[in-house]
Amino acid sequence: MAPRQPLRLAAFALAFSALAGTGFAEESGTTQTDNPQIDRPLGVVELFTSQGCNSCPPADAFFAELAAKDNVVALAYHVNYWDYLGWQDTLSSKDNTDRQYDYMRAFGTRSVYTPQAVINGRSHVNGASRKEVDGALARMEKSGEGMRVSVKVSRTSDRVMIDAGDAGSGPSDAHVVIVYFEPPQTVTIAKGENTGRSMTYWNAVTGIQTAGMWHGKAQRYELPMTEIAKKGGCAVLLQSVGKDGLPGPILGAAFIHKP
């Protein structure tokens, strides 16, 4: 579904936080590792969706399957530009809409649409098409455009450690991006194009924060456990960003699990 009215472009804005640590010193207390066997998932799927779009329920249902996989980092960005149709998306935000517009500019396209799935920050496909999403993930993994850098997450009682690996001869700069999301929520839609539908939405994004810079070498970043514990869930993306501030390829990713 494509927008029926013009929308304002917005700059790619992330709230910077001085949380990056250095070195790999031993932590006091017991350290637990999140999913140690998956430090390079198959890929990242970012779905741009809306409760007010009648084309989105099939994509949301397919996305729920992706969110259940342990080898895919699946994030849903609910946008707000369909609210004028009569239903205000309860999970939408302007920041989510801004991120979709920044991808539009990065890809050199002229419009945004829902449901749109951005794969590994590199290309976009119809988010309701299992064939297109699965095909893009498989092609990128085979061509070396998948998760090239390992990202491991461990934690103690008071902090979360994110260990980004070495790039070797690959790209040398990226942002360490923390994406916060809600736990699964069932919403009954009372107005608009999806009136009467009851949908369960997974991994709906509530905020994005940059925790530091990665320069191609193994690096550790730390987050306070208090920040993680009060969120529904979060993921870390190792994402390159152009000089124009627009999002680029995602090189590594992982989920950060709550205690």
Side-chain contact test, heavy atoms from C-beta onward, threshold under 4.5 Å: evaluate it for Thr114 versus Cys56 and give yes or no.
yes
Just so I know, are the side chains of Ile162 and Val151 near enough to count as touching, which here means a heavy-atom distance under 4.5 Å?
yes
Report the distance from atom CG of Leu85 to atom CD of Glu193, rounding to the nearest 0.5 Å.
5.0 Å
Sorted by chain and number, sequence neighbours left out, side chain to side chain contact (heavy atoms under 4.5 Å, CB included) with Ala128 holds for Pro58, Ala59, Pro115, Asn126
Ser93: which residues meet the side-chain hydrogen bond (donor to acceptor under 3.5 Å, both in side chains) condition with it, sequence neighbours left out?
Asn96
Euclidean distance, Arg122 CZ relative to Ser143 OG, rounded to 0.5 Å
7.5 Å
Is there a side-chain contact (heavy atoms from CB on, under 4.5 Å) between His175 and Trp214 once you walk through the steps?
CA-CA 6 Å; His175 287 190; Trp214 172 82; over 6 Å; no
What I'd like to find out is whether the side chain of Pro249 reaches to under 4.5 Å of the side chain of Gln239, using heavy atoms alone.
no
Looking at Pro247 and Asp102, what are the two nearest heavy atoms and their distance?
CD-CB, 3.7 Å
Criterion side-chain contact (heavy atoms from CB on, under 4.5 Å) on Ile250 and Val73, from CA distance to verdict:
CA-CA 11 Å; Ile250 297 172; Val73 174; over 6 Å; no
Please tell me whether Leu237 and Ile208 are part of a single hydrophobic cluster in this structure, the criterion being side-chain heavy atoms less than 4.5 Å apart.
yes
Is there a side-chain contact (heavy atoms from CB on, under 4.5 Å) between Val177 and Val236? Walk through the geometry before answering.
CA-CA 6 Å; Val177 180; Val236 55; over 6 Å; no
Considering only distance and modelled atom types, tabulate donor-acceptor pairs under 3.5 Å from the side chains of residues 183-190, sequence neighbours left out.
{"residue": "Gln185", "atom": "NE2", "partner": "Glu182", "partner atom": "OE1", "Å": "3.4"}
{"residue": "Thr186", "atom": "OG1", "partner": "Thr200", "partner atom": "OG1", "Å": "2.8"}

Tightest non-hydrogen contact, residues Met140 and Ser123, listed as CE-OG, 3.0 Å
Given Thr210 and Val176, is the side-chain contact (heavy atoms from CB on, under 4.5 Å) satisfied, shown in steps?
CA-CA 6 Å; Thr210 296; Val176 180; 5.8 Å; no
Decide whether Leu251 and Val153 are clustered together by the hydrophobic rule: side chain heavy atoms of Ile, Leu, Val, Met, Phe, Trp, Tyr closer than 4.5 Å, transitively.
yes
Between CG on residue Leu137 and NZ on residue Lys142, distance to nearest 0.5 Å:
15.0 Å
Heavy-atom closest pair, residues Tyr221 and Ala211
CD2-O, 4.5 Å
Inter-residue atom distance Asp173.CG - Lys243.NZ, 0.5 Å rounding:
10.5 Å
Heavy-atom check, side chain of Ser92 versus side chain of Val79, under 4.5 Å:
no
Who are the ring-ring contact (aromatic ring centres under 6.0 Å, His included) partners of Tyr77, not counting sequence neighbours?
Phe48
Within the 4.5 Å heavy-atom criterion, are Tyr81 and Lys94 side-chain neighbours or not?
no
Got a sec, which residues hit side-chain hydrogen bond (donor to acceptor under 3.5 Å, both in side chains) with Asp89, two or more places apart in sequence or on another chain?
Gln51, His78
Apply side chain to side chain contact (heavy atoms under 4.5 Å, CB included) to Lys191 and list each qualifying residue two or more places apart in sequence or on a separate chain.
Trp87
Set of side-chain hydrogen bond (donor to acceptor under 3.5 Å, both in side chains) partners for Tyr201, sequence neighbours left out:
none
In this structure, is the centre-to-centre distance between the rings of His124 and Tyr103 below 6.0 Å?
no
Please name all residues satisfying side chain to side chain contact (heavy atoms under 4.5 Å, CB included) with Arg130, sequence neighbours left out, ordered by chain then number.
Phe62, Glu65, Asp134
CZ-CG distance between Arg197 and Asp60, expressed to the nearest 0.5 angstrom
9.5 Å
Examine Trp202 and Leu42 and state if one hydrophobic cluster contains both, with Ile, Leu, Val, Met, Phe, Trp and Tyr joined whenever side-chain heavy atoms are less than 4.5 Å apart.
no
Side chain to side chain, Val160 and Glu222, heavy atoms closer than 4.5 Å
no
Minimum heavy-atom distance Pro57-Asn194, with the two atoms named:
CG-OD1, 3.8 Å
Are Leu246 and Val241 close enough that some pair of their side-chain heavy atoms sits under 4.5 Å apart?
no
For Arg155 against His257, the heavy-atom pair lying closest together:
NE-O, 3.8 Å
Donor-acceptor pair, Arg40 side chain versus Arg148 backbone, under 3.5 Å?
yes
Heavy-atom closest contact (Ile119 atom, Ala136 atom, distance):
CG1-CB, 3.9 Å
Here the gap from Glu227 atom CD to Ile178 atom CD1, rounded to the nearest 0.5 Å, amounts to 10.5 Å
Could I get the full list of side chain to side chain contact (heavy atoms under 4.5 Å, CB included) partners for Gln88, not counting sequence neighbours?
Asp83
Residues two or more places apart in sequence or in another chain: which of them pass side-chain hydrogen bond (donor to acceptor under 3.5 Å, both in side chains) with Asn203?
none
Per the salt bridge (charged side-chain N to carboxylate O under 4.0 Å, His left out) rule, what does the pair list look like for residues 41-57, sequence neighbours excluded?
Glu46-Arg99
With Glu141 via salt bridge (Lys or Arg N to Asp or Glu O under 4.0 Å) - residues at least two apart
none
Give the cluster check for Phe107 versus Val44: same hydrophobic cluster or not, with ILVMFWY residues linked at side-chain heavy-atom distances below 4.5 Å.
yes
Ring-plane angle category for Phe255 and Phe181, please: parallel below 30°, perpendicular beyond 60°, tilted otherwise.
perpendicular
If you group Ile, Leu, Val, Met, Phe, Trp and Tyr by side-chain heavy-atom gaps below 4.5 Å, do Leu47 and Val112 land in one group?
no
Side chains of Ile256 and Leu223: closer than 4.5 Å at any heavy-atom pair?
yes
